[in-house]
Amino acid sequence: QVRLVESGGGSVETGRSLRLSCVVSGDVYRANCMAWFRQAPGKEREGVAGIRAIGGRTDYADSAKGRFTISQDNARNTVYLQMNMLKPEDTAMYYCAAVDRWDCTVVADKGTTWPYWGQGTQVTVSS
């Protein structure tokens with residue numbers, strides 16, 4: 001079993017930054033791909049950014065490119081999502097997810113094939 005615990009959400013104004021963290025524990029070897037997803041009220045869950053544990057290859061949704069950065073600290077079993085230039089449309093519950101596979105793309109991914117999830121952390125961006 002893989003356990004994921006997110007932190008770092010909060011309420012900020014447009015243009016500010018937040019860094020989300022996701023600590024992985026349990027069967028860490030199953031978390032070959034890590035990703036951040038988000039779900040806003042009334043909307044479908046969407047992939048934001050993904051990263052491969054080995055090699056660190058990343059993938060971003062168009063909405064995240066140029067503003068968000070996913071990274072990992074394997075020594076701390078932690079994945080981060082640095083979010084800069086936040087916009088009101090970034091307001092959502094953000095979830096950390098993991099899957100044991102090689103393909104870590106998240107574009108157009110609703111997360112249905114990702115088996116491990118954290119409890120989520122709320123991000124609210126005011127205008």
Side-chain angles (χ1 to χ4, degrees):
Q1 190 63 273
V2 176
R3 290 180 292 276
L4 307 173
V5 179
E6 304 99 329
S7 62
S11 296
V12 297
E13 295 179 341
T14 296
R16 304 300 291 265
S17 300
L18 281 174
R19 188 177 79 157
L20 307 182
S21 299
C22 174
V23 178
V24 187
S25 62
D27 296 335
V28 176
Y29 66 93
R30 294 185 182 276
N32 286 319
C33 284
M34 297 292 301
W36 290 94
F37 289 79
R38 68 185 183 187
Q39 187 165 21
K43 294 188 176 181
E44 290 186 307
R45 185 172 56 196
E46 61 177 355
V48 176
I51 188 166
R52 184 186 299 164
I54 299 174
R57 182 170 181 169
T58 59
D59 183 60
Y60 294 93
D62 287 344
S63 60
K65 288 179 181 176
R67 299 188 301 127
F68 294 1
T69 302
I70 189 170
S71 62
Q72 61 189 358
D73 183 339
N74 290 335
R76 297 174 184 261
N77 290 331
T78 302
V79 175
Y80 303 98
L81 184 68
Q82 177 67 42
M83 304 186 294
N84 299 328
M85 297 182 289
L86 283 162
K87 305 174 182 179
E89 49 264 46
D90 295 317
T91 295
M93 184 72 78
Y94 283 71
Y95 297 92
C96 179
V99 65
D100 186 7
R101 70 185 188 204
W102 191 247
D103 181 5
C104 302
T105 56
V106 295
V107 174
D109 192 336
K110 294 180 174 54
T112 56
T113 61
W114 295 66
Y116 308 113
W117 293 86
Q119 80 288 353
T121 186
Q122 178 68 38
V123 171
T124 303
V125 184
S126 59
S127 57

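The residues of the chain are indexed from 1 along the displayed sequence.
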query: Going by heavy atoms in the side chains, are T121 and L20 under 4.5 Å from each other?
result: yes

statement: For A31 and V24 the tightest heavy-atom approach is CB-CG1, 4.2 Å

task: Compute whether any side-chain donor of one residue and acceptor of the other, for D59 and T105, lie under 3.5 angstrom apart.
output: no

- request: Provide the full list of side-chain hydrogen bond (donor to acceptor under 3.5 Å, both in side chains) pairs with a residue in residues 64-74, sequence neighbours left out, each pair given once.
  value: D62-K65, R67-D90, D73-R76

- request: Could you list all the ring-ring contact (aromatic ring centres under 6.0 Å, His included) pairs where at least one residue sits in residues 42-88, not counting sequence neighbours?
  value: none

field: Gap separating the CD atom of E89 from the OG atom of S127, nearest 0.5 angstrom
entry: 10.0 Å

statement: With sequence neighbours left out, the residues meeting salt bridge (Lys or Arg N to Asp or Glu O under 4.0 Å) with E46 are R38

statement: For A40 and A92 the tightest heavy-atom approach is N-CB, 3.8 Å

query: Taking a hydrophobic cluster as the set of Ile, Leu, Val, Met, Phe, Trp and Tyr residues connected by side-chain heavy atoms closer than 4.5 Å, whether directly or through intermediates, do V48 and V79 fall within one such cluster?
result: yes

message: For a 4.5 angstrom cut-off between non-hydrogen side-chain atoms, does V28 reach V2?
response: no

task: Nearest 0.5 Å please: distance from the CG atom of D100 over to the CG atom of N32.
output: 4.5 Å

task: Could you pull out the closest heavy-atom pair between Q82 and S17, with the gap in Å?
output: NE2-CB, 3.8 Å

- line: Closest non-hydrogen atoms of P115 and A98, given as atom of the first, atom of the second and distance, are CD-O, 3.3 Å

- request: Nearest 0.5 Å please: distance from the CZ atom of R3 over to the OG atom of S25.
  value: 4.0 Å

message: Taking CD in Q119 as the centre, count heavy atoms belonging to other residues, nucleotides or ligands within less than 6.0 Å. Is the count above 12?
response: yes

field: Residues in salt bridge (Lys or Arg N to Asp or Glu O under 4.0 Å) contact with K110, at least two apart in sequence or another chain
entry: E44

- request: Could you check if a side-chain atom of Y94 sits within less than 4.5 angstrom of a side-chain atom of Q122, using non-hydrogen atoms only?
  value: no

query: Has the side chain of T78 got a donor or acceptor atom that lies under 3.5 Å from a matching backbone atom of V23?
result: no

message: Suppose the criterion is ring-ring contact (aromatic ring centres under 6.0 Å, His included): which pairs have a residue in residues 11-30, not counting sequence neighbours?
response: none

message: Enumerate the ring-ring contact (aromatic ring centres under 6.0 Å, His included) contacts for residues 98-127, please, sequence neighbours excluded, ordered by first and then second residue.
response: F37-W114, F37-W117

query: Does some side-chain heavy atom of T113 sit less than 4.5 Å from a side-chain heavy atom of V99?
result: no

task: Find the distance between CG (L86) and CG (L18) and round it off to the nearest 0.5 Å.
output: 5.5 Å

- prompt: So do the side chains of M34 and C22 get within less than 4.5 Å of each other, counting heavy atoms only?
  reply: yes

field: Cluster link V123 to I70, ILVMFWY, side chain under 4.5 Å
entry: yes

message: Within the 4.5 Å heavy-atom criterion, are T124 and V12 side-chain neighbours or not?
response: no

field: Pairwise side-chain contact, M83 with L81, heavy-atom cut-off 4.5 Å (strictly under)
entry: yes

